[in-house]
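Following: one structure in structure tokens, then a few remarks.
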Amino acid sequence: MAKIIVVTSGKGGVGKTTSTAALGAALAQRNEKTVVVDFDVGLRNLDLVMGAERRVVYDLVNVIQGDAKLPQALIRDKRLETLHLLPASQTRDKDNLTAEGVKRVMDELRKSFDWIICDSPAGIERGATLAMRHADIAVVVTNPEVSSVRDSDRIIGLLDAKTAKAERGERVEKHLLLTRYDANRAERGDMLKVDDVLEILSIPLLGIIPESMDVLRASNLGAPVTLADSRSAPALAYLDAARRLAGETVPITIPGERRGLFGKIFGRRAA
Amino acid sequence: MKFFDFFSKQSSSSAPKARERLQVLLAHERSSVGQSDLVVRLREEILAVIGKHVKIDRDKVTVKMDRGEKVSTLEIDVEIPLSAKLRAA
Ligand SMILES: Nc1ncnc2c1ncn2[C@@H]1O[C@H](COP(=O)(O)OP(=O)(O)OP(=O)(O)O)[C@@H](O)[C@H]1O
Ligand SMILES: [Mg+2]
């Protein structure tokens, strides 16, 4: 059965778009039909991160306003035929997203995809609430720093109050995705610990994505990081997170602690 | 020397690609404020012209665009049913 995932955070710039692309590609690599939907109307970026920016024909607003049919607006990924993108409009603003229009698009996507991943805009306004509106699952993207954790807490409150599921008395499944995790800073004690964040937000952990140059490189090339270099540290972390979303049990590793005792001894000497 | 190669390659290979992608994209976006993007305008006008002669079934239309540095391509694929052709003739 189709699952709708919202990738959300409240705070801007924490890694929602990066995570949407990476998780979308990882799920599509499992041969499950996946569409990533950009809800950041007016400031679209998912097309760039996916490397599809030159091929945008129609967008979400066009479909909602009836200028185009949904299949015409979907862009198929050039690398993975199970992966699709529904771009946001760059020239209109968020007022063009209507609640009924979004519902119609989501209902139609449910018919032909296994996974529908909605990239939420930052903030808690209309764009963000519409992106989470029909979600079955929420991936709350959080950086290990105070303002991001606070905003995530706010978003978790909205997920429990403002979604269609919440209004039906059901619960949206919530997962924490800790991104831009810097092992060196964690070791020095300058960053919130994983356990601290988990205790404060008290939702289950989906994965920990390390801060990495590989993310920048992937976005330069226009490829989700899981496709750009599937053996890089962030790609491995996203691939594991996708397996957990699909219901597999995969033990969580904290980046930097993978190297074990050997790494600790020699890593320190090298530093 | 392998060590050095590793670093120079890693640090310099993706930025030029990013620069090129942005240049192409922004050239198109800057000209497209207020929907004056030539490719978009052509798309709408061509569809309108076809629509004058035959009733287009929106499900039977595929539009593909590719915005390039030197050339862009616009590909419109319209299925015209026989009955519509007869009517237009
Ligand atoms: N794990 C990471 N390591 C290094 N850089 C990262 C990582 N994750 C994201 N970034 C960088 O952080 C910046 C913001 O990422 P991204 O656009 O995914 O965030 P966002 O939450 O979607 O932002 P916005 O709220 O503006 O939509 C980008 O430059 C991206 O390359
Ligand atoms: Mg974003």
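To find a chain, count down the sequence lines: A is the first, B the second, and so on, and within it residues start at 1.
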- prompt: Do you know the tightest heavy-atom contact between A:R54 and B:G68?
  reply: NH1-CA, 4.2 Å
field: Donor-acceptor contact present, side-chain A:R55 to main-chain B:R67, <3.5 Å
entry: no
- prompt: Measuring heavy-atom distances to chain A, does B:L47 have an atom under 4.5 Å in its side chain, in its backbone, in both, or in neither?
  reply: side chain
task: Would you confirm whether B:R21, through its side chain, and A:E53, through its main-chain N or O, come within 3.5 Å as a donor-acceptor pair?
output: no
query: Considering all heavy atoms of both residues, which atom of B:A18 and which atom of A:N220 are nearest to each other, and what is their separation?
result: CB-OD1, 3.1 Å
- line: Nearest heavy-atom contact between A:V57 and B:M65 is CG2-N, 3.6 Å
message: Has A:Q72 got a side-chain atom pairing as donor or acceptor with B:V63's backbone, closer than 3.5 angstrom?
response: no
query: Above 12 or not: heavy atoms from other molecules or residues under 6.0 Å from CD of A:E81?
result: no
Region of A:Q90 in contact with chain B, defined by heavy-atom distances below 4.5 Å: side chain
message: With a 6.0 Å cut-off (strictly less than), is the heavy-atom count around NZ of A:K33, excluding the residue itself, greater than 12?
response: yes
query: Side chain, backbone, both or neither: which part of A:L70 has a non-hydrogen atom closer than 4.5 Å to chain B?
result: neither
- request: For B:K17 and A:L221, run side chain to side chain contact (heavy atoms under 4.5 Å, CB included): C-alpha distance rounded to whole Å, both residues' side-chain angles, the deciding distance at 0.1 Å, then the answer.
  value: CA-CA 6 Å; B:K17 177 85 183 156; A:L221 299 174; 3.8 Å; yes
query: Does atom CZ of B:R19 have more than 12 heavy-atom neighbours, drawn from other residues, nucleotides or ligands, at distances under 6.0 Å?
result: no
